[in-house]
A.B. asks: 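The structure that follows is given in the form of structure tokens.
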Amino acid sequence: MSGFRKLVLALVAKVPRGKVATYGQIAMLAGKPGAARQVGMILRGIRAEEDIPWQRIINAQGSISTYKIGAGELQTALLKAEGIEFSDKGYCDLKRFGWRPKISPLDMTVDEETRS
DNA sequence: AGACTGACTCCAA
DNA sequence: GTTGGAGCCAGTC
């Protein structure tokens, strides 16, 4: 077992209720900027007993990626129960519901990645 | 060890 | 807005 898995789970557990994070975001915070897919694979293996809010992890487009494994409807229902709103096409607004791990004074600046 | 896979993401068309 | 291809890296066989 790599420490990466444990780190990812710890990060996911920190996502507050009513917020969502992306796979890439978790991977980046875990120190592996390109390991978004691995985050998904790790979460695939966890169980409900792990107390990990896996449903709060979605893809970078703000939509559900778990339809492949048949958990899409469940995840959507769980997120809606937390107050996350989805459009008709299954997209949610990451501007509003996206988790911002680092607290910034104005709470509105982008802190996760310094894009170009 | 080598090859395949995938709850992803970026970028071009 | 969508679709497709290449890159990515920890598991699994």
Side-chain angles (χ1 to χ4, degrees):
Chain A
M1 288 323 226
S2 64
F4 180 68
R5 174 183 316 224
K6 189 172 183 179
L7 185 52
V8 166
L9 295 179
L11 286 167
V12 172
K14 287 183 179 179
V15 180
R17 183 178 175 284
K19 293 286 186 179
V20 296
T22 68
Y23 299 95
Q25 182 179 17
I26 296 298
M28 172 176 48
L29 292 173
K32 305 282 185 184
R37 306 185 79 162
Q38 280 51 255
V39 174
M41 181 168 52
I42 290 168
L43 293 182
R44 184 185 57 178
I46 70 173
R47 313 175 187 188
E49 298 89 67
E50 304 272 359
D51 289 331
I52 302 296
W54 59 270
Q55 68 274 18
R56 295 182 191 145
I57 309 303
I58 60 179
N59 61 33
Q61 302 168 6
S63 60
I64 302 299
S65 281
T66 55
Y67 287 106
K68 290 183 177 180
I69 64 171
E73 302 196 12
L74 170 62
Q75 183 173 15
T76 302
L78 288 170
L79 290 177
K80 282 185 178 178
E82 294 190 352
I84 309 294
E85 300 173 9
F86 286 88
S87 67
D88 297 336
K89 293 186 178 180
Y91 291 94
C92 76
D93 189 354
L94 289 176
K95 299 268 188 180
R96 289 182 52 191
F97 304 110
W99 177 46
R100 298 179 184 283
K102 294 180 182 177
I103 306 168
S104 58
L106 298 180
D107 190 40
M108 294 181 74
T109 59
V110 176
D111 46 18
E112 54 206 54
E113 85 191 73
T114 52
R115 49 183 75 172
S116 57

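Computed from a predicted structure; not experimentally measured.
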A.B. asks: By nearest heavy atom, map Gln38(A) and Arg44(A) onto DNA chain C; which one lands nearer the 5' end?
C.D. replies: Gln38(A)
A.B. asks: As an exercise, state the distance from CD1 of Ile69(A) to CD of Gln75(A), rounded to the nearest 0.5 Å.
C.D. replies: 8.0 Å
A.B. asks: Can you check the Met41(A) CE to dA7(B) P distance for me, whole Å?
C.D. replies: 9 Å
A.B. asks: Quiz question: going by heavy-atom distance under 3.5 Å, is there a donor-acceptor pair between the base of dG7(C) and the side chain of Arg37(A)?
C.D. replies: yes
A.B. asks: Hey, is the main chain of Gly72(A) close enough, under 3.5 Å, to the side chain of Thr66(A) for a donor-acceptor pair?
C.D. replies: yes
A.B. asks: Are Val39(A) and Leu43(A) packed together at the side-chain level, in the sense that at least one heavy-atom pair is separated by less than 4.5 angstrom?
C.D. replies: yes
A.B. asks: Rounded to the Å, how far apart are Ile69(A) CD1 and dC8(B) C1'?
C.D. replies: 13 Å
A.B. asks: Side-chain contact, heavy-atom cut-off 4.5 Å: Arg96(A) with Glu85(A)?
C.D. replies: yes
A.B. asks: Take the protein atom OH of Tyr67(A) and the nucleotide atom C1' of dC8(B), then report the distance between them rounded to whole Å.
C.D. replies: 17 Å
A.B. asks: State, yes or no, whether a side-chain contact exists between Tyr67(A) and Glu73(A) at a heavy-atom distance under 4.5 Å.
C.D. replies: yes
A.B. asks: dG6(B) C1' sits how many Å from Lys68(A) NZ, rounded?
C.D. replies: 7 Å
A.B. asks: How long is the line joining CG of Asp88(A) and C1' of dG1(C), in whole Å?
C.D. replies: 15 Å
A.B. asks: Quick check: do Ile58(A) and Ser63(A) have side-chain heavy atoms less than 4.5 Å from each other?
C.D. replies: no
A.B. asks: Run the numbers on Glu82(A) and Arg56(A) for salt bridge (charged side-chain N to carboxylate O under 4.0 Å, His left out), then give the verdict.
C.D. replies: CA-CA 10 Å; Glu82(A) 294 190 352; Arg56(A) 295 182 191 145; 2.9 Å; yes
A.B. asks: Calculate the interatomic distance between Glu73(A) atom CD and dA7(B) atom C1'; express it in whole Å.
C.D. replies: 15 Å
A.B. asks: Can you find a pair of side-chain heavy atoms, one from Gln61(A) and one from Tyr91(A), that are under 4.5 Å apart?
C.D. replies: yes
A.B. asks: Return the residues of residues 59-66 of chain A meeting this criterion: a heavy atom under 4.0 Å from some atom of DNA chain B. Order them by number, or give none.
C.D. replies: Asn59(A), Ala60(A), Ser65(A), Thr66(A)
A.B. asks: Between Tyr91(A) and Ile42(A), which has a closest nucleotide on DNA chain C that is more 5'?
C.D. replies: Tyr91(A)
A.B. asks: Is the phosphate of dA10(C), meaning OP1 or OP2, less than 4.0 Å from a side-chain N or O of Lys32(A)?
C.D. replies: yes
A.B. asks: Ignoring the backbone of Ala36(A), work out which of dT9(B), dT2(C), dG11(C) is nearest its side chain.
C.D. replies: dT9(B)
A.B. asks: Expected output check: what is the dot-bracket annotation of DNA chain B, where ( ) and [ ] are pairs inside the strand (brackets for crossing ones), | is paired with another strand, and pairs are Watson-Crick or G-U under 3.5 Å?
C.D. replies: .|||||.||||||
A.B. asks: Taking Gln38(A) for the side chain and Lys32(A) for the main chain, is one N or O donor matched with an acceptor at less than 3.5 Å?
C.D. replies: no
A.B. asks: Between C1' on dA7(B) and CD1 on Ile26(A), what's the gap in Å once rounded to a whole number?
C.D. replies: 13 Å
A.B. asks: Can you tell me the distance, in whole Å, between the CD1 atom of Ile46(A) and the C1' atom of dA7(B)?
C.D. replies: 10 Å
